[in-house]
Amino acid sequence: MQPQALPGFRDFYPADMALRDRIVRTWRRVAARYGFEEYDGPPLEPLELYTAKSGEEIVGQLYSFVDKGGRDVSLRPEMTPTLARMVAARANGLKKPIRWFSIPQLFRYERQQRGRLREHFQLNCDLIGEPGHLADAEIVALAIDAVRAFGLGSADIRVRLSDRRLLTALLEAVGVSPAQVPLVYQVFDKIRRTPEDVSVTRLSGAGLPGPTIDRLLGIVRARTWSELDGLGAGLDRALAQGDPLRRTFEALQALGFGDYLDLDLGIVRGLAYYTGTVFELFDARGELRAISGGGRYDDLLRALGGVDLPALGFGMGDVVLGELLRDRGLAPDSVSSIDVFLAAITQDDLPHLLGLARELRDAGARVEFALAPQAVGKQLKLADARGARLALVVGPDDRGRGEVMLKDLREKTQESIPRDAVRDRVARILGDELSS
RNA sequence: GUGGUUGUAGCUCAAUCGGUUAGAGCGCCGGACUGUGGCUCCGGAGGUUGCGGGUUCGAUCCCCGUCAGCCACCCCA
């Protein structure tokens, strides 16, 4: 048995690379539309960067080890601590609000499953220095556009939005004690795939009385603001905590993304540092894991980097998105690897052909030719398999006339043209394809 | 980390009750085809049946272990 890639790590064959490349390029393009600048940091970091303040959940899954210098290090499981360090180091000199994005390869040591590997690429977009609801709307809008740009619409994608401030206030208002909050979060997180009686049993097992449980179920099931407002008396003060989220909804509707949004207070992001808006993107059929998730973390930069700046952001991995694109037939078809194939009839034609290759490559064309003597038919077969638009056939007869045979493999036409005119003709036919 | 389930050619799969030399399609290579591509026809390469052990006259098939994939749990970048 040949050595394989480590569990959870991927080999990218050209077809896989084409998809990954499309994803990454599309992300860059969309982030740029929102005025975001790209940054990056080290893939390997000191272990303490993650054990210090980051979510406790992540620590157990760190891909960490001791390096040859005896340092405790970890492959980065998330980008936020690195971002916090970088922003903190130059916080005074950076114009706010900061709009930065990165597409790091992230790692975690955990048993893999579909859509969940030990390594993935993740679009990270963060907006730092703005506490207002328009920043929240911008981030959510960017997350939506980052999948919309692949051709996915509101029929394919749903966004579920919640707010920690609102949820916390509601739980307190209905009588959930701080000690009971973690369990309530757990139950909320699983509410969609758990029978109701199981959820009720777990909640009552934590000491919550029946009426409180009923109200909790009402909170987690509310999908509109009016449903939430109708949950009963005594919640007005708590519901007032929902104002920022309401305004975020309104802004997103004005931006034209209303069709994508669902209110869902059952969204429980694992990372403990979220302080306000939290959201997740899912495929509308509910077949896959979350495509993206994020939220507001106004206290994290102070805890992590020492600068007191409000911030929010989201992450979006390439694995689930890639699966969704494949499922929907939106992955790239077989790509053409060359523009022009050069075919020689005899060995004597080779110097002529190599000169053409140099000239066309200098002009920006993607050029290939047979590396060993072959029948012309065979060479053209290869040209076809490569997806070449054009083929140039050079033989003794052509050379005698100072010409070459230009074949358009797509149009199935051919004509003999002067050798000196090749470059211009090829450039004209390929047109825009050259500049890309 | 726990439990379940599946591993046969590069890919998708077949192989009777445990029985001879493990097959097919696609893909790949070559030929028909030494001045013209996609099609067609012909041929070829490619397998320690994931790996290791056990039962048996005989194991792709039964048993145990292990590794890997998938599913659920845990958790969720």
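Below, each value reflects all heavy atoms present in this structure, side chains not excepted, and no hydrogens, waters or symmetry copies. So that the names make sense, note that chain A is the first sequence line, chain B the second, and so on, each numbered from 1. Computed from a predicted structure; not experimentally measured.
Using a 4.5 Å cut-off on side-chain heavy atoms (C-beta onward), R22(A) and F150(A) make contact.
A salt bridge links R296(A) with D298(A): at least one charged nitrogen is closer than 4.0 Å to a carboxylate oxygen. Between D384(A) and K381(A), none of the side-chain N atoms (NZ, or NE/NH1/NH2) sits under 4.0 Å from a carboxylate O, so this pair counts as no salt bridge. Comment: R328(A) engages D156(A) in a salt bridge, judged by a side-chain N to carboxylate O separation of less than 4.0 angstrom.
The side chain of E78(A) lies closest to A77(B) when the candidates are G3(B), A77(B), G35(B). Looking at the side chain of V393(A), the nearest of the listed nucleotides G35(B), A72(B), A77(B) is G35(B).
If you measure from atom CZ of R202(A) to atom C1' of C73(B), you get 12 Å, rounded to the nearest angstrom. Nucleotide G35(B) holds its P atom 20 Å from the CG atom of L406(A), rounded to whole Å. We find that CZ of R114(A) is positioned 10 Å from P of A72(B), with the value rounded to whole Å.
Of the possible polar contacts, one joining the R76(A) side chain to the Q105(A) backbone as a donor-acceptor pair under 3.5 Å is found. Remark: side-chain polar atoms of S204(A) are paired, donor with acceptor, to backbone N or O of T201(A) under 3.5 angstrom.
Within the 4.0 angstrom heavy-atom criterion, base atoms lie near L409(A). Base contact: L117(A) has a heavy atom under 4.0 Å from a base atom. Here G315(A) lies out of heavy-atom contact (under 4.0 Å) with every strand.
The phosphate of A72(B) (OP1 or OP2) has a side-chain N or O of Q113(A) nearer than 4.0 angstrom.
Cation-pi geometry between R118(A) and F107(A) is not satisfied (NZ or CZ under 6.0 Å from the ring centre, within 45° of the ring normal). In this structure, R20(A) is positioned above the aromatic face of F12(A), its NZ or CZ under 6.0 Å from the six-membered ring centre and within 45° of the axis.
Relative orientation of the Y39(A) and W100(A) rings is tilted, given thresholds of 30° and 60° on the angle between their planes.
In this model, a side-chain donor or acceptor of R116(A) finds a partner on the base of C75(B) within 3.5 Å.
For the contact set between residues 374-386 of chain A and RNA chain B, defined by any heavy atom under 4.0 Å, the members are A375(A), V376(A), G377(A), K378(A), L380(A), K381(A), D384(A).
Taking atom C1' on both A59(B) and A77(B), the two are 45 Å apart, rounded to the nearest angstrom. Comparing G58(B) with A68(B), their C1' atoms sit 29 Å apart, to the nearest whole Å. Going from the P atom of C41(B) to that of U5(B) covers 45 Å, rounded to whole Å. Here the separation of G47(B) from G10(B), taken at their P atoms, is 7 Å to the nearest Å. Comparing U6(B) with G46(B), their C1' atoms are spaced 25 Å from each other, to the whole Å. Look at the P atom in both G43(B) and G50(B): the space between them is 30 Å, to the nearest Å. Comparing the P positions of U21(B) and U49(B) gives an interatomic distance of 13 Å, to the nearest angstrom.
With a 6.0 Å radius and a threshold of 12 heavy atoms from other residues, nucleotides or ligands, E119(A) has its CD atom above the threshold.
Across all strands shown, U21(B) remains unpaired; no Watson-Crick or G-U wobble contact has both distances below 3.5 Å.
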What protein N or O atoms touch nucleotides 66-68 of chain B N or O atoms at under 3.5 angstrom, if any, and at what distances?
none

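Remark on RNA chain B: of its neighbouring residues D398(A) and Y109(A), the 5'-side contact belongs to Y109(A), judged by nearest-heavy-atom nucleotide.
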